[in-house]
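To keep things clear, I will list the structure first and then write my remarks on it.
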Number of protein chains: 2
Amino acid sequence: MIVDPSSDDRLDRAFMALADPVRRRIVARLSRGPATVNELAEPFQITKQAVSKHIQVLEHAGLVSRTRDAQRRPVHLEAAQLEALTAWIDRYRLIHEQQFRSLDALLAGTTTSGTDAASPEPGQSAGTAQEEPES
Amino acid sequence: MIVDPSSDDRLDRAFMALADPVRRRIVARLSRGPATVNELAEPFQITKQAVSKHIQVLEHAGLVSRTRDAQRRPVHLEAAQLEALTAWIDRYRLIHEQQFRSLDALLAGTTTSGTDAASPEPGQSAGTAQEEPES
DNA sequence: AGGTTGATCAAGCAAATGGTTGATTAATAG
DNA sequence: CTATTAATCAACCATTTGCTTGATCAACCT
């Protein structure tokens, strides 16, 4: 069992998990509190097995976890992973806004040194293919 | 331009688009400024055609858009859609935190009115979401 | 015009995804 | 012990995804 899914893999799974409307509704429901598979399956027209698989996907993505209560296995939300997603998005969203600001400055005639964002030809450093924009 | 595929579909596509590490790296790169398909393809070991398809996926998700510059079609980031994603996530993340707080209060003996009476209505008046599991 | 560059179109293929039905494991209730 | 409930396992199928190669389109440049 691979237990160290290279936080990159974690992001993959988390985004993919939320790409499905059924799974998003499950998350929405769980945000109001834990629920069993049967409860979660009720609003949908698909089988319980299908919902069980959806929950497995969410669990494998670190978005939910399951405990035990008699025969039931209540599912509950894991907020941390949701935060990881917003963290990823916000990083690039903020950088983008920053660029807008420097573009603003450029148009205003003020050459703001520091960020080399306004370069018309982005320096194509092939080695810096990392996902992290050196924060 | 058909830009009204039931904003639910939009979320589907946007989350799925970011589920792929290649596409996430493309977004990361575009956060530094526009780039052409060739430039975007360089860091990867896959063909240009494959990258072109990735960009189509991102474009169809509303995450990027393309303009024209001679033979080139520069791709640039669309911040709005990124914000839509964080908006979706934050809604449920905040609800969850709110629940934790009321649970905290409960364990502390401070009966803050009802158990689950914490009005779960952070921002769902956005109108775009029928994804709420009606309480 | 002819040639080069930048990007897409098109067909095809291996792998993954979402769904089903049927059988099986666990725990509770009689 | 038997029956019931809750959930998973297992095999299977249809569709989609990601990627490839080869051909085509569109705009530049001599």
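Every value quoted in this text rests on a predicted model; they were computed, and no experiment measured them. Order of the sequence lines sets the chain letters (A, B, ...), proteins ahead of strands, with each chain counted from 1.
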Rounded to whole Å, CD1 of Ile55(B) lies from C1' of dA7(C) at a distance of 10 Å
inquiry  = Please determine whether side chain to side chain donor-acceptor pair (under 3.5 Å) holds for the pair Ser65(A) and His76(A), giving the CA-CA distance in whole Å, both sets of side-chain angles, and the decisive distance to 0.1 Å.
reply    = CA-CA 6 Å; Ser65(A) 52; His76(A) 59 90; 3.2 Å; yes
By nearest-nucleotide position on DNA chain C, the 5'-leaning member of Ala50(A) and Ser52(B) is Ser52(B)
Rounded to whole Å, the CD-P distance (Gln45(A) to dG18(C)) equals 19 Å
- Message: For dG6(C), does the base pair up with any side-chain atom of Lys48(B) as donor and acceptor (N or O, under 3.5 Å, distance only)?
- Response: no
Taken to the nearest whole Å, CD1/Ile46(A) to P/dT17(C) is 16 Å
Given protein heavy atoms under 4.0 Å, the one-letter contact record of nucleotides 22-30 of chain C, with B base, S sugar-phosphate only and - none, is simply B----BS--
Whether Gln81(B) side chain and Glu78(B) backbone form a donor-acceptor pair below 3.5 Å = no
Of dA7(C), dA11(D), dG18(D), the nucleotide closest to the side chain of Thr36(B) is dA7(C)
5'-most contact on DNA chain C (nearest-nucleotide basis), Gln56(B) vs Met16(A), goes to Gln56(B)
Per nearest nucleotide of DNA chain D, the residue lying toward the 5' end, Pro74(A) or Lys53(A), is Pro74(A)
Between CD of Glu39(A) and P of dT5(D) the distance, given in whole Å, is 16 Å
When Leu18(A), Leu58(A), Leu63(A) are each screened for side chain to side chain contact (heavy atoms under 4.5 Å, CB included) with Arg23(A), the one that passes is Leu58(A)
task = Ignoring backbone atoms, test whether Thr47(B) places a side-chain nitrogen or oxygen under 4.0 Å from the OP1 or OP2 oxygen of dT20(D).
result = yes
Checklist entry - Taking it one step at a time, do Arg24(A) and Leu11(B) satisfy side chain to side chain contact (heavy atoms under 4.5 Å, CB included)? => result CA-CA 10 Å; Arg24(A) 275 208 309 283; Leu11(B) 268 186; 3.7 Å; yes
Rounded to whole Å, the CD1-C1' distance (Ile26(A) to dG18(C)) equals 13 Å
Here the distance between atom P of dC19(D) and atom CG of Asp20(B), to the nearest Å, is 6 Å
Apply side chain to side chain contact (heavy atoms under 4.5 Å, CB included) to the pair Arg93(A) and Asp90(A), showing each step before the final yes or no. CA-CA 5 Å; Arg93(A) 185 163 66 90; Asp90(A) 283 345; 3.0 Å; yes
- List the steps and the verdict of salt bridge (charged side-chain N to carboxylate O under 4.0 Å, His left out) for Asp69(B) and Arg73(B). CA-CA 6 Å; Asp69(B) 169 34; Arg73(B) 288 156 191 70; over 6 Å; no
In whole angstroms, the gap separating C1' of dT17(C) from CZ of Phe15(B) amounts to 18 Å
Does atom CD of Glu42(A) have more than 12 heavy-atom neighbours, drawn from other residues, nucleotides or ligands, at distances under 6.0 Å?
no
Rounded to whole Å, the CZ-P distance (Arg72(A) to dT5(D)) equals 12 Å
Among the nucleotides dT20(C), dA7(C), dG18(D), whichever has the atom closest to the side chain of Asn38(B) is dA7(C)
request  = Would you indicate, yes or no, if dT17(D) has its OP1 or OP2 atom less than 4.0 angstrom from a side-chain nitrogen or oxygen of His54(B)?
outcome  = no
